[in-house]
Amino acid sequence: MSITAVKGFNDILPVETPVWQFVEATARSVFGRFGFSEIRVPVVEKTGLFCRSIGDTTDIVEKEMYTFCDKAGSSLTLRPEGTAGVMRALIEHKLYALDAVNKLYYMGPMFRHERPQKGRYRQFHQIGAEMTGASDPIVDAQLLLMVSSLFKELGLDEPRLQVNSLGCPACRPAYREALVAFLSQRQDALCEDCRRRQSSNPLRALDCKVPGCVDATSGAPAMLDHLCGECAEHFDAVQNYLTAARVKFSLNPRMVRGLDYYTRTTFELITCLLGTQAAVAAGGRYDGLVAQLGGPAVPGIGFALGVERVALLLGDRYPARTPDLFIALAGDAVRCPGFSLMAGLQELGLWVETDCEGKSLKSQMRRADKLGSRFCLVLGDNEVASGQVTLKRMEDGSQQTVCLDAAALAAVITGGEQA
RNA sequence: GUGGCCAUGGUGAAGCGGUUAACACUUACGACUGUGACUCGUACAUUCGAGGGUUCGAUCCCCUCUGGCCACCCCA
């Protein structure tokens, strides 16, 4: 067996790239309308960046990072998510000083050493957006509106938006205590993992899928009931804005995020069509992150969507491109004039295909059909001599005689587009 | 990291101890020597993931390895 790709690292083949391009182009278009600019940051960062931002005790940092030493002995890591790198760049280049509010988006590969399965790979792709510098609830709502617009424009109304608030450093500790107290009374009913997590990350128990834990935590105290005044006010305002903007959402008081830096508003787009990989997009507010990374106290909120998962949801519902014209060449003598015509039409912006193997006319026609070409014409000695060609519309087989001239042909072909 | 399932051509797959390794799709060419789709014809796996074993004989049984998928954990 020859060399194959690394497990969990996939080739994205020509049949799949159109969906990807559709997702990326749609994201660029929607983000652009919300005033976001693209930022491109490296795929590799110093390991410490992720430990500090994502959190030392998270699964990502504990067991899923691709970490290695370079020749100088520094510990480097393939980014497992996008926010940390973007915030590092924001701090490093003092973007917050250029403009108090920064609206940035990115797209690209992320790396997590997990067991691959449907919709989850070791190299996977995210499209994300971050908005820093403002903590007003209208910012949260704007980002949510943008996410919701993006999915609408992609033609996906199925993933549903769920929101929650995780509170802030002022109110979360008290809630955490209340939750631990609650859980400790139900020790016996909890699974091994949840018992172990009680000290490290008790909130996780709310997210546990083991039936016993679901039962045991059904009456658990909710963060939403323990928010401090400011957090509660913030969260109310976010919801009001969302309602005003007609963004559909539901509350999920049990939603927990996997990264430590989240505060206040968090959200997920959940689908029931991808089996266990339910989260298609997710994000939240991270008001302490920039300071935690050594920058000024700049608040922020962001989200990321999984391109593989979105592509899976889209299936074949994306715009397909097909050639405008296929020029079938009847005889060697006509190859050069045919190529000249092709050049003229390409220059006018048309996608033109022609024979490149010296195939029979029948084969060329078959190929024109297979490519889905909208029009086809046969160029032979007669056409070159008369200066007239028969242009055939492949869809219905209708034909018309057109002057053998790039501009004349282009007029009919693009005119046919409107009809 | 843990569990389950599966490995036959470009693809989807039958075959389950002795077969020319079915069938379908795809692809190529042809049926009209200048017109696609439908139809019809022809061609396309000395070989069944790799290595070992059992057997007169193995794609079919056993072992090992490798690969894939799905699920758990967690996540986009």
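We name chains A, B, ... by the order of the sequence lines, and we start the count at 1 in each one. The basis for the numbers below is simple: all heavy atoms, side chains too, and nothing from hydrogens, waters or symmetry mates.
Residue F326(A) contributes atom CZ, which lies 12 Å from atom C1' of rU35(B) at whole-angstrom precision. As rounded to whole Å, 14 Å separates atom C1' of rG36(B) from atom CG of L325(A). Counting to the nearest Å, the P atom of rC69(B) and the CD atom of E308(A) are 13 Å from each other. Taking atom CD on Q399(A) and atom C1' on rG34(B), their separation rounds to 11 Å, with Å as the unit. If you take CD1 of I270(A) and C1' of rC75(B), they are 11 Å apart, rounded to a whole angstrom. Nucleotide rG10(B) holds its C1' atom 13 Å from the CG atom of L13(A), rounded to whole Å. A straight line from CE of M255(A) to P of rC75(B) spans 12 Å, rounded to a whole angstrom. Straight-line distance from the CG atom of N10(A) to the C1' atom of rG68(B): 11 Å, rounded to whole Å.
Atom-to-atom distance recorded for T132(A):OG1 and D287(A):CG is 11.0 Å, nearest 0.5 angstrom.
Counting heavy atoms from C-beta on, the side chains of V290(A) and L90(A) come closer than 4.5 Å.
Side-chain atoms of E383(A) and base atoms of rG34(B) include a donor and an acceptor less than 3.5 Å apart.
Shown for residues 110-132 of chain A: residues whose heavy atoms fall under 4.0 angstrom of RNA chain B, namely R112(A), E114(A), R115(A), Q117(A), K118(A), G119(A), R120(A), Y121(A), F124(A), Q126(A). Within residues 354-371 of chain A, the residues having any heavy atom under 4.0 Å from RNA chain B are, by residue number, K359(A), S360(A), L361(A), K362(A), S363(A), M365(A), R366(A), D369(A), K370(A).
The only member of V163(A), L203(A), N164(A) that meets side chain to side chain contact (heavy atoms under 4.5 Å, CB included) when paired with M255(A) is N164(A).
In this structure, R120(A) forms no cation-pi arrangement with F124(A), as its terminal cationic atom is not both closer than 6.0 Å to the ring centre and no more than 45° off the ring axis.
Within the 4.0 angstrom heavy-atom criterion, no nucleotide atom of any strand lies near L377(A). Note on E64(A): only backbone sugar-phosphate atoms sit closer than 4.0 angstrom, heavy atoms only; bases stay farther off. Backbone-only engagement by V280(A) is indicated by non-hydrogen atom pairs under 4.0 Å involving sugar-phosphate atoms exclusively. At a threshold of 4.0 angstrom between heavy atoms, the contacts of G283(A) with the nucleic acid are absent. Using a 4.0 Å heavy-atom cutoff across all strands shown, A279(A) reaches sugar-phosphate atoms only and no base atom.
Using P as the reference atom, rA21(B) and rU27(B) are 27 Å apart when rounded to the nearest Å. When the P atom is compared between rC5(B) and rU39(B), the two are found 42 Å apart, to the nearest whole Å. Between the P atoms of rG10(B) and rA71(B), the separation comes to 28 Å (whole Å). Taking atom P in both rA58(B) and rU11(B), the straight-line distance is 27 Å, to the nearest Å. Going from the P atom of rC6(B) to that of rC62(B) covers 11 Å, rounded to whole Å. Nucleotides rA43(B) and rU20(B), compared at atom C1', are 16 Å apart to the nearest Å. Between rC25(B) and rU54(B), the two P atoms lie 43 Å apart (nearest whole Å). rC72(B) and rA14(B) are spaced 27 Å apart, taking the P atom of each and rounding to whole Å.
Nearest-nucleotide positions on RNA chain B for G306(A) and K7(A) put K7(A) closer to the 5' end. Heavy-atom distances to RNA chain B give each of E81(A) and M394(A) a nearest nucleotide, and the one nearer the 5′ end belongs to M394(A).
Across all strands shown, rU47(B) forms no Watson-Crick or G-U wobble pair with both distances under 3.5 Å. Checking rU19(B) for Watson-Crick or G-U wobble geometry (two distances, each under 3.5 Å) identifies no partner in any strand. Using Watson-Crick or G-U wobble geometry with both donor-acceptor distances under 3.5 Å, rG3(B) finds its partner in rC70(B). Figure legend. rG30(B) is base-paired to rC40(B); pairs are counted as Watson-Crick or G-U wobble with both atom distances under 3.5 Å. Remark: rC61(B) base-pairs with rG53(B). Criterion, Watson-Crick or G-U wobble with two distances under 3.5 Å. When both distances must be under 3.5 Å, the Watson-Crick or G-U wobble mate of rC25(B) is rG10(B). Look at rU35(B): it lacks any Watson-Crick or wobble partner with both distances under 3.5 angstrom.
The ring-ring contact (aromatic ring centres under 6.0 Å, His included) contacts involving residues 269-291 of chain A comprise Y261(A)-Y286(A), where partners must be two or more places apart or lie in separate chains.
Aromatic ring centroids of F303(A) and F151(A) lie 6.0 Å or more apart. Not less than 6.0 angstrom separates the ring centroid of F36(A) from the ring centroid of Y105(A).
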Please output the side-chain donor-acceptor pairs of residues 397-405 of chain A that fall under 3.5 Å, not counting sequence neighbours, one pair per line with the distance.
| unit_1 | atom_1 | unit_2 | atom_2 | d |
| --- | --- | --- | --- | --- |
| S398(A) | OG | D396(A) | OD1 | 2.9 |
| D405(A) | OD2 | A407(A) | N | 3.2 |
| D405(A) | OD2 | A408(A) | N | 2.9 |

Review item, side-chain donor-acceptor pairs of residues 310-322 of chain A, under 3.5 Å, at least two apart:
| unit_1 | atom_1 | unit_2 | atom_2 | d |
| --- | --- | --- | --- | --- |
| R317(A) | NE | L314(A) | O | 3.3 |
| R317(A) | NH2 | L313(A) | O | 2.8 |

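Smallest separation of non-hydrogen atoms from V298(A) and Y96(A): CG2-CB, 4.1 Å.
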Derivation of the side chain to side chain contact (heavy atoms under 4.5 Å, CB included) call for R33(A) and M146(A): CA-CA 9 Å; R33(A) 296 209 298 268; M146(A) 185 166 85; over 6 Å; no
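Under the side chain to side chain contact (heavy atoms under 4.5 Å, CB included) criterion, L377(A) pairs with L325(A), I327(A), L341(A), L379(A), V389(A), L391(A), L409(A), sequence neighbours left out.
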